[in-house]
Structure formats: C-alpha cells, structure tokens
Amino acid sequence: MGRKVILATCSLNQWALDFDGNLERILRSIAIAKSQGAKYRLGPELEICGYGCADHFYESDTLLHCFQVLRKLLESPVTQDIICDVGMPIMHHNVRYNCRVIFLNGKILLIRPKMLLANYGNNREFRWFSPWNKLSEMCAELWNPRSPHVDMGLDGVEIFTNSSASYHELRKADHRVNLVKSATMKSGGIYMFANQKGCDGDRLYYDGCATVAINGDIVAQGRQFSLDDVEVVTAILDLEDVRSYKGEHCHPHVEYEHKPCHRVKLDFSLSDCEDVYLPTHQPIEWQFHTPEEEISLGPACWLWDYLRRSGQAGFLLPLSGGVDSSSTACIVYSMCVLVCQAVRDGNTQVLEDVQRVVNDGSYTPRDPRELCRRIFTTCYMASENSSEGTRNRAKDLASQIGSSHMNLNIDMAVKGMLGIFSMVTGKCPQFRANGGSTRENLALQNVQARIRMILAYLFAQLSQWAEGKPGGLLVLGSANVDESLTGYFTKYDCSSADINPIGGISKTDLKSFLQYCVEQFQLTALKSIMAAPPTAELEPLTDGQVSQTDESDMGMTYSELSVIGRLRKISKCGPYSMFCKLIHTWREALSPLQVAAKVKHFFQMYSVNRHKMTTVTPSYHAESYGPDDNRFDLRPFLYNTRWSWQFRAIDNQVGI
C-alpha cells in the first residue's frame with residue numbers, strides 16, 4: 001500500500017424522478033472518475049432520484065425505482081474496481097431515511113442515513129425523512145454546530161466525505177467554502193464535498209462547487225455555474241500530510257471526549273505502491289464570483305434547464321424599457337452566451353438540446369444575438385400612458401441583444417374592456433388626474449396591466465404558429481423581490497408568467513447587474529434605462545412626460561425596502577423590533593417619528609397585499625429575504641392590517 005490517494009467528487013445536473021437520465025449521469029461520472037485514476041467516487045445527495053422530489057418521497061414507487069437503479073449500478077461493469085458513494089432514500093422498519101449507499105464490485109459496504117436533517121429556508125427534510133444517530137457527514141451536517149466530522153476527526157478518520165444538495169443564494173459561496181476549509185483546519189484530514197447542480201424541477205438552482213480540501217486548504221475546485229450536466233473533480237493527495245498535521249494539532253485521547261466511529265473492513269486499497277512519482281495537488285485560492293456575475297450566470301443556467309426540459313421553443317418577455325424587464329432580457333442574453341460557449345467547448349448535450357429547442361437538427365449556435373433571435377421574443381405593449389422614452393429604450397435594448405421584437409398598442413383592448421363595464425353599469429371611471437377617485441385610478445391601472453398579461457400569453461401560444469413553426473413560448477416575468485415584498489404589482493398582470501428569473505433579486509442588485517452587462521456584453525442601451533426613474537406608466541402623462549414613479553407610489557425607496565426586507569425575514573423582526581433597529585440604522589437620515597411612519601407604512605402595504613404571494617409566478621430563489629409563499633416564507637395572507645397592538649408599542653416609544 002502506498003501513501004497517496006486519488007479521490008473524485010462531482011456535481012451532477014440531476015432531475016427529480018428522471019431515473020433514466022439520473023442513472024446515465026451517475027454512470028458517466030463514475031467512468032470519468034475511473035479514467036482519471038480515482039479509487040473513490042463521491043456523488044451528490046439523493047442523486048438517484050433527485051433531491052427535489054418533495055412529496056414524491058412518500059410514494060413507494062420512488063423507493064422502488066431507486067432500488068432498481070441501484071441494482072443497475074451494482075451490475076454495471078463501469079462501477080467495478082472503484083468505491084462508489086451514491087445517494088437515495090431508503091425505508092427501514094417502515095421509516096424513511098435520506099441515505100448514502102457505498103458499494104464496491106457489486107457488494108454494498110455501508111448504508112449511511114443522514115443524522116442532522118435540513119429543515120430551514122427551502123428545506124423540509126423532516127417532512128419526508130427521519131434522522132439517524134450514527135456518525136458520518138452529509139449536506140447540512142457541515143453547517144451544524146456539532147458536525148459529525150469533529151468526532152470522526154478525533155477518532156482518526158483521515159478522509160471526510162459530504163454528499164450535498166446545496167442551492168444557490170447570492171453571496172453564499174464563501175460561507176460554504178469557509179466551512180469546508182474549517183472542517184479540516186482544526187484536526188487535519190481530507191474533505192470531499194459533492195453537490196447537485198442545475199434546476200431539478202422547482203425554484204432552486206443547485207450551484208455545484210464540488211470541492212476537495214486538505215488540512216484547511218482548498219486543492220481542487222469545481223465550477224459554480226455551468227451548462228455541463230456532469231463535472232468530476234479529482235485530486236491526488238498524500239495521506240502522510242494528514243498524519244503529520246494530526247500529529248501536531250490533534251491529541252484526542254488526552255484532551256477530548258468523542259464518539260468512536262463504526263469501521264467496515266475490506267480488501268481494497270485507495271492507493272498502491274507505485275505512487276512515488278504522482279504529483280499531489282497543491283493549495284489554490286478559491287475564485288469567487290461577484291454578485292453581478294452570480295446574477296448573470298445562476299438564473300441563466302436555471303432558465304436553460306427549464307427551457308430544454310419543458311419542451312418549449314423559447315421565451316416571450318413583455319419588455320417595458322425599465323430596469324426589471326431589461327434585467328430579465330439580459331439574463332436571457334447571458335444564457336445565449338453560455339450556450340454558444342458550451343457548444344464551442346464541445347458540449348454535445350447542449351448542442352443536441354438547442355437543436356431540439358429550435359427544431360433544426362443542422363443548427364449550430366455561434367453568435368448569441370443570432371440565437372437570441374431564434375428563441376427570444378420581446379414585446380413592448382404601449383398605451384396612451386406610455387412615453388416615447390420607454391418605447392425607444394426597449395427597442396434599443398432588443399436590437400442590441402438580438403431578440404425578435406414587437407411593438408403593439410393595447411388601447412383598443414382597454415377601451416373595449418371599459419366599454420363593457422360602462423354598458424353594464426352606466427358609469428365611466430376616471431383617472432385621479434382627471435378627477436377620479438383612488439379606487440377608479442387603481443382599477444384603470446389594473447385593467448391595462450391585466451390586458452398586457454392576456455396579450456403576452458396569446459402571443460406566447462400563437463406567435464410560433466403564425467410563423468409556421470412548431471411549439472409555444474414560455475412567458476417570462478420581471479417583478480423583483482422588493483416589489484413582491486410590498487405587493488407593488490397588479491395581481492394577474494405581467495408579473496403573472498410561467499417563470500421569473502429575477503423574482504428573488506433586489507432592485508439595488510439589479511441595477512448593479514445592468515451596469516455589469518454594459519461592461520461585460522457592451523449593451524450600451526442599458527445606460528439610459530438605468531438613468532430613468534422606475535415607473536409603471538399606468539397613469540396619464542403630464543405634457544408627454546412620465547409623472548408616476550415607483551418609489552413615490554410605494555412611499556419608500558428601493559434601498560430602504562432592501563433593509564426592511566432583510567429585517568423582516570432574516571432578523572425575524574415584527575413591526576416593533578424593526579422600529580427598534582431602524583432608529584439606529586437610519587439615525588443620520590430620519591427621526592424616530594419618521595422611522596415609525598415608514599415601518600407602519602411598510603407593514604400596512606405588506607399585510608394588505610400578502611394575498612398576492614399565493615399566486616406569484618415561480619421565481620429563481622436568489623435572496624435570503626425572499627417572500628416566496630410556496631415554502632420559503634410561510635405566512636398568513638389575511639391579516640388584521642391595523643396592527644393596533646404592534647403600532648401602539650411603537651407609538652409608546654416615540655411618545656405619541
């Protein structure tokens with residue numbers, strides 16, 4: 001037996017319940033690992049069925065098909081002479097466990113159920129699984145204050161393996177990397193981290209980053225965002241480096257109490273005697289993406305997975321010429337850049353997928369703008385309240401990204417709708433600018449917004465048919481996380497789409513992202529979009545100019561909303577606690593009385609409009625303060641909007 005080991009970890013783009021595809025990707029990763037000399041291959045959490053099966057975990061079919069796939073793996077010649085570590089659910093004594101199955105040469109060596117289940121954020125593992133109570137390490141156990149690797153390290157374990165399904169959030173990657181590094185920094189060892197990647201059927205994007213670390217240093221790093229369905233990361237490491245490190249830093253029998261680990265003995269070695277000339281991997285600096293790069297890459301990869309797996313022919317976006325819809329358009333363009341680059345790099349799967357999407361088996365995408373023209377339709381829906389400025393900004397951006405762009409006017413449809421109402425009631429509602437009430441003003445804005453949604457779906461369903469092409473288009477939404485938080489959108493308007501790539505991203509981050517796109521993609525049309533004040537353009541113009549602005553309508557700025565949103569969700573603040581924090585955070589700009597007014601105004605808006613979150617478009621999860629009602633931010637949607645007790649507590653502090 002030698003001293004050096006070749007280990008392989010991987011990121012796989014698994015899809016919930018796609019057993020054929022999942023099996024193929026698992027086998028491909030094992031074959032790659034073997035071709036690189038690895039004797040151990042670690043895969044992502046629940047990779048056989050996919051992590052996002054949700055309540056399908058209750059079904060006996062899911063368990064059955066997982067075992068059928070496991071049998072295929074055990075019988076495959078690809079899995080011979082390499083220890084394989086795969087994830088799947090298993091029922092034991094009528095209890096379901098989230099398990100890893102470790103096998104070698106057709107024989108199962110160990111079934112390891114997860115001990116510390118993830119039950120926060122988007123995770124609901126306690127809903128489907130029960131925890132185990134034996135040592136090893138999986139996914140959320142790395143985040144736990146009593147991680148299993150601590151006791152294992154003290155018991156002499158040299159290689160730690162973590163099979164994970166960790167999803168992307170902006171600015172989260174460094175936290176995960178630091179945890180991996182710290183896991184072996186205290187007592188030494190090799191740490192392997194495997195992760196799922198891509199969209200496996202819901203709002204989450206699993207962001208890869210397969211990692212190998214030794215003694216607190218990263219030595220091998222996989223990509224966070226890519227269109228590759230299979231990525232294998234291998235590392236050659238010297239176990240003597242681990243033993244030397246442990247000898248200096250770790251004296252478990254003198255200083256610590258720890259739980260002993262269960263050992264499984266087998267006649268197999270991870271190394272051999274002919275390894276003296278094998279060069280070991282050396283420490284590297286992790287290359288983190290900026291938040292702007294994350295916005296450009298994460299949602300773009302998510303959109304590509306959704307498009308190719310949905311069987312649709314492309315996207316349609318109502319492009320208003322504002323920051324939000326322009327951000328969605330830029331993410332689609334970034335997706336096209338990634339697709340063209342993947343094809344140039346020889347990714348045959350991406351080429352097959354794009355040929356299927358455009359219904360042309362001879363097509364090879366080379367220019368992102370040309371690909372955009374084939375799969376992306378943008379539509380400016382003007383009304384009598386639209387300005388020439390927004391029309392031109394939408395047209396210029398569409399021209400620069402290459403989308404197939406349409407201009408249409410909705411006034412005829414709006415007048416027809418109002419005509420029906422007037423014929424039935426004998427009443428003709430007016431805008432506030434023309435003497436109407438607040439209720440009339442809001443209703444007239446909503447009619448325009450909802451007609452745009454109806455037209456968006458009409459063109460998405462029939463525009464391909466009108467051109468003699470097969471398939472339909474997915475409608476993209478463009479409401480940001482702050483607007484969703486306050487309900488500053490019309491229920492069933494253009495925010496009602498098939499999917500929304502920016503629904504988990506703040507307005508502040510979107511503006512920074514557009515500046516990045518100006519520099520990265522030379523989309524100079526974005527400069528005028530960023531300079532213009534955000535507006536819904538649903539009220540009459542004043543001398544041909546926009547008089548309505550988002551921040552004026554909402555009664556607070558987008559930057560203020562970002563702060564409030566984080567306090568509400570991340571800091572778990574109700575009205576009173578939020579007031580107590582903000583009087584210090586905003587003390588240079590606002591008096592306690594003004595802070596109290598903003599807090600009350602926010603919670604009134606939030607509670608009045610919370611019902612809208614029950615029908616909000618499925619959005620890419622990117623932000624830890626997102627208000628997604630599906631499973632991330634569970635709240636009532638019928639509130640006592642007076643908040644009398646809570647507001648009275650604030651008033652008592654202000655002295656009202």
Are side-chain N/O atoms of [X] and [Y] paired as donor and acceptor at under 3.5 Å?
| X | Y | value |
| --- | --- | --- |
| E483 | Y558 | yes |
| Q14 | D200 | no |
| D482 | Y625 | yes |
| T557 | S559 | yes |
| N347 | D228 | yes |
| N195 | Y206 | no |
| T524 | Q400 | yes |
| K197 | S226 | yes |

Working to the nearest 0.5 angstrom, can you tell me the gap between [X] [atom1] and [Y] [atom2]?
| X | Y | atom1 | atom2 | value |
| --- | --- | --- | --- | --- |
| C330 | L526 | SG | CG | 4.5 Å |
| I295 | S334 | CD1 | OG | 11.0 Å |
| T486 | M605 | OG1 | CE | 5.0 Å |
| D633 | N122 | CG | CG | 10.5 Å |
| D20 | W15 | CG | CH2 | 11.5 Å |
| S29 | E231 | OG | CD | 11.5 Å |

Got more than 12 heavy atoms from elsewhere within 6.0 Å of NZ, K395?
-> no
Output all residues satisfying side-chain contact (heavy atoms from CB on, under 4.5 Å) with D411, sequence neighbours left out; order by chain, then residue number.
-> S383, E384, N409
Quick one: does [X]'s side chain get under 4.5 Å of [Y]'s, heavy atoms only?
| X | Y | answer |
| --- | --- | --- |
| K511 | V323 | yes |
| L473 | V475 | no |
| S296 | F513 | yes |
| I564 | M556 | yes |

Per side-chain contact (heavy atoms from CB on, under 4.5 Å), Y51 is matched among D202, L204, N123 by N123
Pairs in or reaching into residues 315-336: which pass ring pair (Phe, Tyr, Trp, His ring centres under 6.0 Å), with residues at least two apart or in two chains?
-> Y333-F521
[X]: partners by side chain to side chain donor-acceptor pair (under 3.5 Å), with sequence neighbours left out:
| X | value |
| --- | --- |
| D18 | R25 |
| S404 | none |
| T614 | none |
| T328 | none |

Under 3.5 Å, which donor-acceptor pairs link side chains of residues 335-343 to any protein atom two or more places apart or in another chain?
residue	atom	partner	partner atom	Å
Q341	OE1	R344	NH2	2.8
Q341	NE2	D345	OD1	3.0
Q341	NE2	D345	OD2	3.4

Not counting sequence neighbours, which residues clear ring pair (Phe, Tyr, Trp, His ring centres under 6.0 Å) with [X]? List them please.
| X | result |
| --- | --- |
| Y167 | H621 |
| H281 | none |
| F602 | Y606 |

Hey, can you tell me if H289 and F225 have their rings parallel, tilted or perpendicular (30° and 60° cut-offs)?
-> tilted
Given the rule in the salt bridge (charged side-chain N to carboxylate O under 4.0 Å, His left out) test, do E623 and R566 qualify, once you have shown the distances and angles that lead to the verdict?
-> CA-CA 9 Å; E623 191 55 81; R566 286 180 168 84; 3.3 Å; yes
For E560, what residues pass the salt bridge (Lys or Arg N to Asp or Glu O under 4.0 Å) criterion, not counting sequence neighbours?
-> K598
Among residues two or more places apart or on two chains, list those pairs meeting side chain to side chain donor-acceptor pair (under 3.5 Å) that have a residue in residues 350-359.
-> R308-D353, Q349-D353, D353-R356
Measure from NZ or CZ of K612 to the centre of the six-membered ring of F489, then state whether that distance is under 6.0 Å and the direction lies within 45° of the axis.
-> yes
Looking only at atom types and distance, does a side-chain atom of S619 sit under 3.5 Å from a main-chain N or O of T617, one as donor and one as acceptor?
-> yes
